[in-house]
Amino acid sequence: MTRRRRIVILTGAGISAESGVPTFRGPDGLWEGHRVEDVATPEAFARDPVLVQRFYDARRAALAKVAPNAAHDALARLDRDFDGELLIVTQNVDDLHERAGATRLLHMHGELKRALCRGCGESHVWEGTLIDDPACPGCGAKKLRPDIVWFGEMPYEMDRIERALAKADLFVSIGTSGAVYPAAGYVQAARYHGADTLEINLEPSAGTGWFAEARHGPAGTLVPTWVD
Ligand SMILES: CC(C)NC(=O)[C@H](Cc1c[nH]c2ccccc12)NC(=O)[C@H](CCCC/N=C(/NCCC(=O)O)S[C@H]1O[C@H](COP(=O)(O)OP(=O)(O)OC[C@H]2O[C@@H](n3cnc4c(N)ncnc43)[C@H](O)[C@@H]2O)[C@@H](O)[C@H]1O)NC(=O)OCc1ccccc1
């Protein structure tokens, strides 16, 4: 690790699997019993806001029953000890990275523990439910939605991510199937800019061919080995 100066790490649902957070594609292809397009799109929210709010309220409440695992802890150690540039870009909306202590972190697809006001555009820390249509703490409007990036919506902090990828000398992807864009394209961008590339995943991802090195197995075992 010592000769590295600038590292970008992309994480997905697989890093939280060993903590008990369901990944996206269950055996039935459904996501916790729902088709993704029925709960994670602006159209779904317009069509059935109660279903969508209940879905995210349930996932937000479930966070109290899970804890960071050895992979989250290892990345938090790296974040604490690495004196080069580091950016952890997570597709996950859970709060396990920050609960493990990671700080050089961004949630490109939003966070379960934030609510976004469609009235004033403000984002607020939110621990409770949204099903009861509470008022925005800022403007008072009853227009709060989960602060989650849904399909068809622009991910957060795209510029900051692209700047970090453009100067990275190492790109590591952990626990992601490489099925969703723009995140699935980051390995190509990193390679294009000359970075070394490493995939750590339970199985080969859709983009595994783009990685110079791949280690397949559980993140809870492989990530601490890679960090330490
Ligand atoms: C389905 C896919 C084809 N569709 C897309 O990619 C779309 C459309 C699209 C855009 N560009 C394209 C190009 C080509 C084709 C399609 C597109 N993308 C979008 O809509 C994006 C927005 C996408 C974000 C949607 N929101 C999410 N999440 C929040 C919601 C919520 O969470 O409720 S995406 C969501 O799904 C994705 C799921 O993937 P993973 O995290 O990888 O999880 P998965 O279950 O699939 O895989 C888990 C992996 O872990 C492994 N694993 C399991 N256990 C372990 C273990 N123990 N250890 C290690 N590994 C493990 C497994 O083997 C597996 O490989 C994540 O990104 C996740 O955040 N927005 C956008 O494009 O806006 C326009 C735009 C763009 C730019 C500029 C202007 C406008």
Side-chain angles (χ1 to χ4, degrees), residues 9-45 51-60 62-63 66 68-72 74-75 88-97 106-116 130 145-162 172-189 198-208 211 214-226:
I9 299 174
L10 175 70
T11 68
I15 200 171
S16 294
E18 292 160 75
S19 294
V21 179
T23 60
F24 273 73
R25 300 289 175 287
D28 53 9
L30 292 182
W31 184 14
E32 297 190 34
H34 298 275
R35 288 178 325 134
V36 169
E37 50 276 22
D38 292 341
V39 286
T41 64
E43 297 76 21
F45 188 64
L51 170 70
V52 173
Q53 294 284 31
R54 190 178 300 122
F55 177 70
Y56 285 100
D57 283 351
R59 291 173 65 195
R60 192 177 305 108
L63 289 178
V66 299
N69 63 57
H72 298 107
L75 292 187
I88 301 169
V89 178
T90 188
Q91 301 168 79
N92 300 342
V93 295
D94 65 52
D95 61 349
L96 297 180
H97 277 302
L106 72 83
H107 287 265
M108 71 179 292
H109 292 162
E111 300 172 59
L112 281 169
K113 288 198 174 171
R114 299 192 73 87
L116 182 65
L130 289 171
R145 58 164 272 184
D147 191 359
I148 301 282
V149 176
W150 287 325
F151 287 89
E153 295 184 323
M154 168 89 93
Y156 287 145
E157 308 224 46
M158 298 271 281
D159 300 346
R160 188 174 161 209
I161 297 169
E162 274 147 29
V172 183
S173 175
I174 302 171
T176 185
S177 60
V180 172
Y181 288 78
Y186 290 162
V187 59
Q188 292 149 11
L198 168 64
E199 169 177 271
I200 297 177
N201 206 51
L202 200 57
E203 61 199 348
S205 73
T208 196
F211 289 87
R215 303 179 189 178
H216 295 131
T221 307
L222 296 185
V223 175
T225 308
W226 170 66

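Not measured: the values here are computed from a predicted model. Order of listing sets the numbers, starting from 1, for every ligand and every atom in it. Side-chain atoms are counted along with the backbone in the values below, which use heavy atoms only and exclude waters and symmetry mates.
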Arg59 heavy atoms within 4.0 Å reach ligand 1 at atoms 31 (C), 32 (O), 33 (O)
Is any N or O atom of Ala13, backbone or side chain, closer than 3.5 Å to an N or O atom of ligand 1? yes
Is there a nitrogen or oxygen of Val93 sitting under 3.5 Å from a nitrogen or oxygen of ligand 1? no
Checking the N or O distance criterion of under 3.5 Å, is ligand 1 in contact with Trp150? no
N or O pair under 3.5 Å between Ile148 and ligand 1: no
Would you check the N or O atoms of Leu202, main chain and side chain alike, for any that come under 3.5 Å of an N or O of ligand 1? yes
Which of the atoms of ligand 1 are close to Ala219, meaning less than 4.0 Å from one of its heavy atoms? 56 (C), 58 (N), 59 (C)
Would you indicate which of Tyr156, Phe151, Tyr181, Phe55 comes nearest to atom 13 (C) of ligand 1 when only heavy atoms are counted? Tyr181
Ser205 side-chain N/O to Gly207 backbone N/O, donor-acceptor pair under 3.5 Å: yes
Filtering Ser177, Pro155, Ser16 for the heavy atom nearest atom 44 (P) of ligand 1 leaves Ser177
Backbone or side-chain N or O of Ala17 under 3.5 Å from ligand 1 N or O: no
Which of the ligand 1 atoms, numbered from 1, are nearer than 4.0 Å to a heavy atom of Met158: 77 (C)
Relative to atom 48 (C) of ligand 1, which among Gly175, Gly152, Gly12 owns the nearest non-hydrogen atom? Gly175
Is any side-chain N of the basic residue among Asp57 and Arg54 closer than 4.0 Å to the acidic one's carboxylate O? no
Scan Leu63, Asp94, Val93 and name whichever one has a side-chain contact (heavy atoms from CB on, under 4.5 Å) with Lys113. Leu63
Any idea which of Glu199, Arg215, Met108, Gln91 brings a heavy atom closest to atom 67 (O) of ligand 1? Gln91
